Amino acid sequence: MCGIIGYIGTKKASPILISGLLRLEYRGYDSAGISTVEKDGLSIMKDKGRVKNLYNLKGIDDLQGTIGIAHTRWATHGKPSKENSHPHLDNSQSFSVVHNGIIENYHDLRTFLINNGYTFYSQTDTEVIPNLIHYYYSKDTKDDELKVLRAVQSACKDLKGSYAIEVISKYMPNNMIVVRKDSPLVIGKGDEENYISSDIPAILSFTTKFYLLNDNEFAVLSKDNIEFYDISLNKVQKDLKNIDWNASAADKNGYEDYMLKEIFEQPNAIRETIGSRLPENEPCNFEDLNFTKEFLSSINKIYIVACGTAMHAGLTGKITIEQLCNIPVTVDIASEFRYRNPIVDKNTLCIYISQSGETADTIAALKLAKSKCATTLAISNVIGSSITREADYTIYTHAGPEIAVASTKAYTSQVILLNILAVYFAEVLQSTSSENIKNMKKSILELPYKIEDALKTSDAIKNFANKIYNEKDVFFLGRGIDYNTALEGSLKLKEISYIHSEAYAAGELKHGPIALVENGITVISIITDKNLVEKTISNIQEVITRGAKTLVVTNQALPSNNIDVVIDVPDTCVYLSPIVSIVPLQLLSYYISKEKGLDVDKPRNLAKSVTVE
Ligand code: M6R
């Protein structure tokens with residue numbers, strides 16, 4: 001999705017803006033641009049294509065301005081082109097604007113502005129914003145220091161949809177204005193300089209101190225001051241947050257790709273997720289929850305709502321919560337939940353999982369449950385992200401910044417956090433034996449070492465990847481909890497290798513999909529539940545009989561020896577096995593993507609954080 005960077009300070013803005021954009025590249029984009037305040041007015045440099053092309057634009061080195069805004073665009077309205085790239089100017093070239101999000105009523109606003117003499121040069125929804133600002137600025141008869149802010153406020157009142165907006169103006173050459181609604185934007189505070197970004201990692205090398213804007217709040221920045229205003233332009237106070245991620249956490253640290261680095265970071269990421277939540281010989285410690293037995297006993301239903309990989313984490317969490325706590329759990333895709341009038345009331349606990357904390361559908365699903373009086377709990381990796389500010393309660397995965405579009409360490413830390421949460425609920429509710437709780441805790445604490453062992457499958461997986469990287473279709477099979485791992489393995493493969501793949505509950509095979517199994521097709525299976533070994537093996541035999549190449553990821557002793565490749569992973573308690581068994585499948589999609597020469601970290605058409613519907 002689109003990315004925003006802003007700088008206001010004492011240094012030349014353009015190199016800082018471009019280096020910020022380079023750090024946002026992972027979000028996905030098709031064009032890039034910057035705008036700075038120069039002595040003779042506002043500069044605009046933009047084009048379709050990569051951020052690094054900006055370095056070659058004529059005149060870019062001549063820019064001297066110390067205030068600027070920048071943008072990577074992921075096309076929604078209008079094809080990728082120079083005209084459609086941001087920043088956009090108003091007709092009088094007095095206001096320069098970048099925008100993330102979608103203006104749903106842009107057509108009406110455009111018609112209104114055309115009727116008032118404005119001309120449009122792009123097909124974007126964004127171009128209405130600078131012109132609306134100009135419209136209100138020219139109608140305002142009061143001439144004071146808030147005049148530009150009032151114009152931005154009036155324009156925002158007309159906008160329907162989602163936005164994070166940066167504005168610079170020749171009428172306010174020492175300031176920048178930013179505003180957000182349902183779209184991410186953070187403000188980084190430096191010494192005699194301030195930064196804007198769509199996410200924290202992009203500007204971590206400049207500062208670890210951040211202000212987080214709420215929806216419909218404005219900030220007016222100068223190099224050494226930031227004033228915050230609500231929608232009615234009353235001043236508001238904000239706390240400065242210190243983020244304890246260090247800048248190197250957002251670097252590749254010698255790895256070829258972020259994805260590989262993040263796969264190998266999983267043992268430590270999980271140590272951070274466990275943190276002090278499992279103290280020895282004491283109950284689980286969730287500082288920010290403190291749920292009572294009375295409260296948890298009043299919960300008769302749990303929804304876990306998320307998208308993509310985060311939803312797969314939820315599927316695994318469901319099994320542990322149901323088994324340990326005896327509360328029914330429904331896992332829902334956020335974009336479905338929000339439109340299907342789910343049965344939710346004050347006795348429902350809704351858990352929302354989002355690595356980025358900015359996924360539009362997940363946030364909308366959370367708001368819906370809140371409006372129906374449910375208790376809402378967010379699980380996120382990003383401190384202060386939008387979802388954490390909407391939810392009644394938040395717990396963080398603490399996995400460190402995840403840059404690669406394909407989610408790996410965030411997934412395993414989400415699964416482990418859901419398992420710790422299940423243990424915590426069970427302790428409070430006394431819904432399972434203390435022996436069970438003790439065993440779960442022990443298994444959780446051993447997991448980082450087990451993942452270290454699972455990572456040792458890397459070479460064997462690379463060999464298999466070399467054999468199958470040209471495949472057109474791959475099947476993933478699993479039963480019970482292993483079906484969830486099959487779903488996640490299949491999603492990883494699709495995302496970064498562009499190989500078509502399907503995940504099936506192994507028992508479903510005979511009900512249709514087996515018709516697709518033909519000589520030479522690759523079938524990957526996961527077997528970690530000792531009670532289901534024979535059942536899944538029977539299904540694997542059925543595909544072997546029809547000529548399939550097979551790979552099995554397992555922590556069990558398998559009876560059959562005609563499987564092509566068996567990848568052994570360490571044994572653990574069945575609820576936790578997805579955390580270990582997914583590791584070889586993450587590596588498999590990584591090595592296939594590399595073998596095909598694809599961009600592992602930035603797969604086509606995908607964005608790291610999906611901030612629009
Ligand atoms: O930031 P979120 O966890 O809310 O993102 C949800 C999905 O968009 C995300 O998990 C997506 O499926 C990943 N690219 C999967 O690797």
Side-chain angles (χ1 to χ4, degrees), residues 1 3 26-28 74 182-184 198-201 257-260 262-263 266 269 273 304-317 331-338 351-366 377-388 390-391 394-415 417-418 484-485 487-498 501 503 578 582-583 585-590 593 598-613:
M1 296 284 116
Y26 76 94
R27 295 169 67 91
W74 191 82
D182 297 330
S183 194
S198 297
D199 63 31
I200 290 170
D257 304 278
Y258 281 112
M259 183 181 176
L260 191 62
E262 287 158 8
I263 291 173
Q266 289 181 105
T273 308
I304 301 181
V305 183
C307 302
T309 286
M311 193 274 292
H312 294 158
L315 291 171
T316 292
V331 180
D332 227 325
I333 297 167
S335 54
E336 293 294 317
F337 180 89
R338 65 182 288 195
I351 302 176
Y352 295 85
I353 311 174
S354 175
Q355 186 286 132
S356 62
E358 303 294 349
T359 300
D361 281 321
T362 312
I363 294 170
L366 188 151
L377 165 62
I379 294 184
S380 181
N381 194 36
V382 179
I383 313 270
S385 55
S386 301
I387 204 164
T388 69
E390 289 289 342
T394 295
I395 49 178
Y396 287 104
T397 42
H398 296 304
E402 189 180 69
I403 309 286
V405 164
S407 184
T408 52
K409 64 175 181 173
Y411 169 75
T412 44
S413 59
Q414 287 159 354
V415 176
L417 191 50
L418 285 163
N484 303 340
T485 309
L487 287 166
E488 175 56 11
S490 168
L491 176 64
K492 284 286 90 77
L493 188 68
K494 284 187 191 88
E495 270 188 298
I496 60 163
S497 76
Y498 314 150
S501 76
I582 192 61
V583 173
L585 302 182
Q586 295 169 337
L587 288 165
L588 182 65
S589 51
Y590 173 80
S593 178
L598 301 173
D599 188 341
V600 176
D601 288 335
K602 297 190 284 288
R604 70 182 178 205
N605 305 338
L606 290 174
K608 180 66 182 164
S609 105
V610 183
T611 52
V612 293
E613 246 191 271

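Owing to the predicted nature of the structure, the values given are computational and were not obtained by experimental measurement. Just follow the structure's listing: the first ligand is 1, and inside any ligand the first atom is 1.
Ranking the protein heavy atoms by distance from atom 8 (O) of ligand 1 puts V610 CG2, 4.1 Å first. Among all protein heavy atoms, the one lying closest to atom 6 (C) of ligand 1 is C307 O, 3.4 Å. The nearest protein atom to atom 1 (O) of ligand 1, hydrogens excluded, is given as S356 OG, 2.7 Å; this is a heavy-atom distance. When hydrogens are left out, the protein atom nearest atom 15 (C) of ligand 1 is T309 OG1, 3.0 Å; that is the closest non-hydrogen contact. From the protein, the heavy atom lying nearest to atom 14 (N) of ligand 1 is E495 OE2, 2.5 Å. Of the protein's non-hydrogen atoms, the one nearest atom 5 (O) of ligand 1 is T359 OG1, 3.6 Å.
Where the criterion is an N or O separation shorter than 3.5 Å, residue side chain and backbone included, Q355 meets it with respect to ligand 1. Checking only distances, V405 does come within under 3.5 Å of ligand 1, N or O to N or O.
Applying the 4.0 Å criterion to heavy atoms of K492 picks out, from ligand 1, the atoms 15 (C), 16 (O). Near A310, meaning under 4.0 Å from one of its heavy atoms, ligand 1 places the atoms 3 (O), 10 (O). Taking every non-hydrogen atom of G308 and a distance limit under 4.0 Å, the qualifying atoms of ligand 1 come out as 12 (O). Each of the atoms 1 (O), 2 (P), 3 (O), 4 (O) of ligand 1 lies under 4.0 Å from some heavy atom of S354. In the vicinity of A406, heavy-atom distances shorter than 4.0 Å reach the ligand 1 atoms 16 (O).
Residues that satisfy the side chain to side chain donor-acceptor pair (under 3.5 Å) test with K494, not counting sequence neighbours, are S490.
No hydrogens or angles considered: a donor-acceptor pair under 3.5 Å links the side chains of T309 and E488. Using modelled atom types, one finds a donor on one side chain and an acceptor on the other under 3.5 Å when comparing Q266 with T412. Between the side chains of S380 and S385, a donor-acceptor pair is found at a separation under 3.5 Å.
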Verdict with reasoning, Y411 to I582, per side chain to side chain contact (heavy atoms under 4.5 Å, CB included): CA-CA 9 Å; Y411 169 75; I582 192 61; 3.8 Å; yes

Worked verdict on L260 versus L587 for side chain to side chain contact (heavy atoms under 4.5 Å, CB included): CA-CA 8 Å; L260 191 62; L587 288 165; 4.2 Å; yes

Verdict with reasoning, Y396 to T388, per side chain to side chain contact (heavy atoms under 4.5 Å, CB included): CA-CA 9 Å; Y396 287 104; T388 69; 3.5 Å; yes

Derivation of the side-chain hydrogen bond (donor to acceptor under 3.5 Å, both in side chains) call for S589 and E495: CA-CA 9 Å; S589 51; E495 270 188 298; over 6 Å; no

From CA spacing to verdict: side chain to side chain contact (heavy atoms under 4.5 Å, CB included), I403, D601: CA-CA 8 Å; I403 309 286; D601 288 335; over 6 Å; no

